[in-house]
Amino acid sequence: MNVDLFNTPPEPWTEPLSPGALVLRQYATAHTDHLLAGIHAIVAQAPFRHMQTPGGYTMSVAMTNCGTAGWITDRKGYRYSTTDPLSGQAWPAMPADFRRLAQAAALTAGFPAFQPDACLINRYPVGAKMALHQDRDERDLTAPIVSVSLGVPATFLWGGLQRSDKAAKVPLLHGDVVVWGGAARLAFHGIAPLKAAQHPLLGEERINLTFRQAL
DNA sequence: TAGTGACC
DNA sequence: AAGT
């Protein structure tokens, strides 16, 4: 009997999504306590808020940012801003270990030059969703996207380069990391309405960290 | 920032 | 419109 089976944390494993896109299962699991502590400190400086879309609707996902730049949306459009519109101050700094985790994940996925300067923090209450969209507000589209899932499971919608392409449904669990770039950089993606569930660390919510090289 | 396509 |  191998006692180690019960004491060794799970090794991360990798699942290809499409050319240029990879799911790194459990990649962040060993660091989630630390990530959550960092998020709590960031949120104390830059609280979650429900932003408006250019169409005038309020997003169901609550957002904040850390890093040199933060992604924002309002009636005027989508963009990156070096300041938090709520405070007029710079976004909280990106913790060094957040950045290292994102860079290590990018390296594993074949993007050794990733220099993230933006970390969008999305909080999904039960029922929150994100419609299919492309991440296209970044300056250098050769840099990948790194997405870290925390809390209750979600269904990631992974589409193609055309909005009309059928999206695959990919379950994303606490600690999973998705990296996409290259041929997949402009793939449409989203999140299905969050189903009610309980997570030991996060209760009824999901938090997603999206690392980007924005500037 | 709109123009689409899906659609009940 | 990262919306319904």
Side-chain angles (χ1 to χ4, degrees), chain A residues 17-18 20-21 23 39 42-43 46-86 91 94 98 102 116-141 143-172 176-195 205-215:
Chain A
L17 264 187
S18 71
V23 184
I39 291 164
I42 289 159
V43 166
F48 283 114
R49 80 292 305 263
H50 293 268
M51 297 183 189
Q52 307 284 124
T53 64
Y57 293 94
T58 300
M59 298 188 74
S60 59
V61 176
M63 300 177 161
T64 186
N65 290 276
C66 66
T68 306
W71 188 85
I72 60 171
T73 174
D74 57 23
R75 271 133 303 190
K76 307 175 83 72
Y78 308 139
R79 61 199 179 278
Y80 283 92
S81 171
T82 57
T83 55
D84 179 348
L86 279 189
W91 298 103
M94 187 188 304
F98 281 42
D117 55 19
C119 175
L120 174 62
I121 306 173
N122 287 162
R123 187 187 60 190
Y124 291 75
V126 173
K129 60 190 182 298
M130 179 93 55
L132 279 183
H133 68 279
Q134 297 170 299
D135 290 14
R136 52 182 306 164
D137 302 316
E138 301 74 30
R139 236 193 204 334
D140 179 4
L141 296 179
I145 303 292
V146 174
S147 168
V148 179
S149 292
L150 299 169
V152 312
T155 301
F156 186 50
L157 305 172
W158 182 248
L161 297 179
Q162 308 279 336
R163 187 169 228 131
S164 52
D165 292 340
K166 182 182 163 54
K169 293 181 177 181
V170 181
L172 252 30
D176 289 346
V177 176
V178 187
V179 182
W180 67 95
R185 180 59 178 75
L186 289 177
F188 279 88
H189 59 281
I191 291 286
L194 198 79
K195 291 181 298 190
E205 70 189 30
R206 177 176 113 104
I207 291 180
N208 175 258
L209 304 176
T210 307
F211 292 90
R212 304 183 177 116
Q213 193 172 309
L215 305 183

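Chain identifiers are assigned alphabetically (A, B, ...) following the order of the sequence lines, protein sequences preceding nucleic acid strands; residue numbering begins at 1 within each chain. Side-chain atoms are counted along with the backbone in the values below, which use heavy atoms only and exclude waters and symmetry mates.
- The distance from atom CG of Asn208(A) to atom P of dA2(C) is 16 Å, rounded to the nearest whole Å.
- Between Glu138(A) atom CD and dA2(C) atom C1' the separation is 12 Å, expressed in whole Å.
- No side-chain N or O of Asn65(A) forms a donor-acceptor pair with one of Trp71(A) less than 3.5 Å apart.
- Taking atom CG on Leu157(A) and atom C1' on dA2(C), their separation rounds to 13 Å, with Å as the unit.
- Side-chain N or O atoms of Arg185(A) include one that pairs as donor or acceptor with a backbone N or O of Ala143(A) at under 3.5 Å.
- Of all the residues in residues 69-86 of chain A, Arg75(A), Lys76(A), Gly77(A) reach under 4.0 Å from DNA chain B with at least one non-hydrogen atom.
- Side-chain atoms of Thr83(A) and Trp91(A) include no donor-acceptor pair closer than 3.5 Å.
- Rounded to a whole Å, the CD atom of Gln52(A) is 13 Å from the P atom of dT1(B).
- Within residues 116-136 of chain A, the residues that place at least one heavy atom under 4.0 Å from DNA chain C are, in residue-number order, Lys129(A), Met130(A), Ala131(A), Leu132(A), His133(A), Asp135(A).
- With sequence neighbours left out, the side-chain hydrogen bond (donor to acceptor under 3.5 Å, both in side chains) criterion links Asp135(A) to His133(A), His189(A), Arg212(A).
- Proximity of Phe211(A) to Ile145(A): side-chain heavy atoms (C-beta onward) are nowhere separated by under 4.5 Å.
- With no hydrogens or angles considered, no side-chain donor-acceptor pair links Asn122(A) and Thr210(A) at under 3.5 Å.
- The cationic atom of Arg206(A) (NZ for Lys, CZ for Arg) lies less than 6.0 Å from the six-membered ring centre of Tyr124(A) and within 45° of the ring axis.
- Between Leu86(A) and Pro47(A), the closest heavy-atom pair is CD1-CG, 4.3 Å.
- For Leu161(A) and dT4(B), the CG to P distance is 21 Å, given to the nearest whole Å.
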